Novice: 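After the structure tokens below, expect a handful of questions from me.
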Amino acid sequence: MLEIYWGSGSPFAWRVLLAAELKRVPYESKLLEFSKGDLKTPAFLALNPRGKVPVIRDGDVVLAESLAIIAYLERKYPEVPLLGRTPEETGRVWSAIAAFESYVRDQTLPLNRWLFGDKPRTTEIDDARAAVGREYDLLEARLAKHDWVAADTITAADIVWFPTLRTYQRAAARNEARAREVNLHPLADVYPNITRWIARIEALPGYDKTFPPHWRA
Ligand SMILES: N[C@@H](CCC(=O)N[C@@H](CS)C(=O)NCC(=O)O)C(=O)O
């Protein structure tokens with residue numbers, strides 16, 4: 001059976017779990033603990049020498065990198081397409097994925113560290129918020145007219161954007177003052193359409209199985 005190695009709260013691993021659930025692919029969950037050094041054991045480094053999740057093992061196939069894993073699952077289990085049903089959709093899906101990877105992903109790291117930490121706010125945080133804000137405004141406008149990011153149904157584009165956006169709701173729950181300070185709380189006031197889209201994803205069958213276990217604590 002397909003094995004998925006993941007870590008609680010990893011946005012990249014969350015993508016893969018969501019893809020497997022949406023495609024209804026049976027899999028064995030291999031939940032690793034970052035704090036216990038599970039990602040740096042010889043056994044795991046043999047699967048991914050970079051010591052990062054997600055990783056899948058499917059028979060003889062071992063694969064790291066969330067987007068590569070989604071592409072693999074798409075070819076192997078095409079029945080529920082996540083990378084577009086037409087050439088145009090495929091283009092739109094990848095365009096939205098590339099936008100996230102190019103303009104949002106790296107800005108998210110300093111912003112999240114600040115939101116969940118206690119370090120003082122710096123211009124780096126303000127710059128990161130401004131940069132992701134430009135992208136969130138575009139997403140908010142898209143979701144004002146459409147239910148999903150790149151097509152009229154959920155695709156990998158939604159899966160790629162979702163974990164980061166959902167993390168802001170958690171940030172507000174953990175440190176409301178900081179989330180408010182950078183205008184990420186209340187998310188439903190700042191980004192009402194994104195908030196409704198988050199709720200749509202959370203209502204999907206199988207979503208609960210992907211929810212970071214340590215967030216429930
Ligand atoms: N580009 C990779 C990113 C994977 C990644 O950065 N994973 C993080 C968790 S969010 C990780 O495993 N970090 C552990 C470490 O670097 O020690 C992907 O898309 O899969």
Side-chain angles (χ1 to χ4, degrees), residues 2-23 25 27-58 61-77 82-84 90 93-117 128 131-132 135 139 149-150 154-171 174 184 198 201 207 209-217:
L2 173 72
E3 296 173 349
I4 301 181
Y5 294 80
W6 60 293
S8 182
S10 158
F12 306 104
W14 204 349
R15 298 172 175 180
V16 170
L17 294 175
L18 284 167
E21 289 295 339
L22 289 173
K23 285 181 170 292
V25 179
Y27 62 93
E28 188 178 332
S29 161
K30 301 274 193 184
L31 176 59
L32 304 185
E33 299 275 347
F34 296 101
S35 58
K36 290 190 185 148
D38 289 353
L39 284 80
K40 310 300 168 194
T41 63
F44 186 71
L45 290 172
L47 298 180
N48 181 4
R50 294 191 180 89
K52 292 182 189 295
V53 286
V55 169
I56 59 162
R57 177 155 52 187
D58 189 20
V61 178
V62 175
L63 212 52
E65 293 298 321
S66 57
L67 296 179
I69 295 168
I70 290 172
Y72 174 84
L73 294 177
E74 181 82 354
R75 281 301 296 267
K76 186 144 185 197
Y77 305 100
L82 293 177
L83 290 171
T90 297
V93 170
W94 278 110
S95 181
I97 292 174
F100 181 91
E101 297 292 294
S102 304
Y103 313 124
V104 178
R105 189 194 60 196
D106 293 347
Q107 306 287 347
T108 294
L109 297 173
L111 187 56
N112 280 352
R113 258 198 302 271
W114 179 80
L115 277 168
F116 288 98
V132 295
E135 294 301 317
L139 182 64
V149 171
I154 190 165
T155 67
D158 301 271
I159 288 174
V160 162
W161 280 77
F162 171 79
T164 292
L165 274 305
R166 179 60 183 80
T167 298
Y168 297 132
Q169 286 179 329
R170 172 168 152 86
R174 305 270 296 192
L184 285 169
I198 289 174
I201 293 179
Y207 172 80
K209 282 173 68 186
T210 73
F211 193 78
H214 83 279
W215 287 18
R216 295 189 201 275

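Both counts, for ligands and for their atoms, begin at 1 and track the order of listing. Note that the structure is a prediction, hence the values are computed from the model and not measured. Residues take their numbers from the sequence shown, with the count starting at 1.
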Novice: How far is atom 12 (O) of ligand 1 from its nearest protein heavy atom, and which residue and atom is that?
Specialist: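 Scanning the protein heavy atoms, the shortest distance from atom 12 (O) of ligand 1 goes to Val53 N, 2.9 Å.
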Novice: Which bit of Leu67 gets closer than 4.0 Å to ligand 1, counting heavy atoms only: side chain, backbone, both or neither?
Specialist: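 It is neither; nothing of Leu67 touches ligand 1.
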Novice: Counting only N and O atoms by type, is there a donor-acceptor contact under 3.5 Å from the side chain of Gln107 to the main-chain atoms of Ala131?
Specialist: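 Side chain of Gln107 to backbone of Ala131: no pair is present.
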Novice: For atom 14 (C) of ligand 1, what is the closest protein heavy atom, and at what distance to 0.1 Å?
Specialist: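 Answer for atom 14 (C) of ligand 1: Gly51 O, 3.8 Å.
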Novice: Could you report the tightest heavy-atom contact between Ala13 and Trp6, atom names first, then the distance?
Specialist: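 Minimum heavy-atom contact is CB-CB, 3.6 Å.
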Novice: Just by distance, do the side chain of Trp14 and the backbone of Phe162 share a donor-acceptor pair under 3.5 Å?
Specialist: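 Checking the backbone N and O of Phe162 against the side chain of Trp14, no donor-acceptor pair under 3.5 Å is found.
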Novice: Between ligand 1 and Ser10, is the shortest N or O to N or O distance under 3.5 Å?
Specialist: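 Ser10 vs ligand 1: no N/O contact under 3.5 Å.
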Novice: Is NZ or CZ of Lys30 both nearer than 6.0 Å to the six-membered ring centre of Phe44 and within 45° of the ring axis?
Specialist: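 So Lys30 doesn't make the cation-pi contact.
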Novice: Would you call Thr210 and Tyr207 a side-chain contact if the rule is heavy atoms closer than 4.5 Å?
Specialist: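 Yes, their side chains come closer than 4.5 Å.
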Novice: Specify the protein heavy atom at minimum distance from atom 1 (N) of ligand 1: its residue, its atom name, and the distance to 0.1 Å.
Specialist: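 The closest heavy atom on the protein side is Glu65 OE1, 2.7 Å.
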Novice: What is the nearest protein non-hydrogen atom to atom 19 (O) of ligand 1, stated with its residue, atom name and distance?
Specialist: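 Result: Ser66 OG, 2.7 Å.
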Novice: What heavy-atom pair brings Leu73 and Ala20 nearest, and what distance separates the two atoms?
Specialist: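 Closest approach of Leu73 to Ala20: CD1-N, 4.4 Å.
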Novice: Is the contact between Lys40 and ligand 1 made by the side chain, the backbone, both, or neither, using heavy atoms and a 4.0 Å cut-off?
Specialist: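 Just the side chain.
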Novice: Heavy-atom contacts with Pro11 under 4.0 Å: which atoms of ligand 1 show up? List them by number with element.
Specialist: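 Counting atoms of ligand 1 from 1, those under 4.0 Å from Pro11 are 10 (S).
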Novice: Tell me if the OH atom of Tyr103 is crowded by more than 12 foreign heavy atoms within 6.0 Å.
Specialist: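 Counting other residues, nucleotides and ligands, OH of Tyr103 stays at 12 neighbours or fewer.
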Novice: Among all protein heavy atoms, pick out the one at the shortest distance from atom 13 (N) of ligand 1; state its residue, atom name and that distance to 0.1 Å.
Specialist: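 Minimum-distance protein heavy atom for atom 13 (N) of ligand 1 reads Lys52 CG, 3.9 Å.
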Novice: Does any N or O atom in Phe34 lie less than 3.5 angstrom from one in ligand 1, N or O only?
Specialist: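 Checking ligand 1 against Phe34, no N or O pair falls under 3.5 Å apart.
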Novice: Considering the heavy atoms of Pro54, write down every atom of ligand 1 situated less than 4.0 Å from one of them.
Specialist: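 Numbered from 1, ligand 1 contributes 20 (O).
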Novice: Does Phe34 form a side-chain contact (heavy atoms from CB on, under 4.5 Å) with His214? I'd like the steps, not just the answer.
Specialist: CA-CA 12 Å; Phe34 296 101; His214 83 279; over 6 Å; no
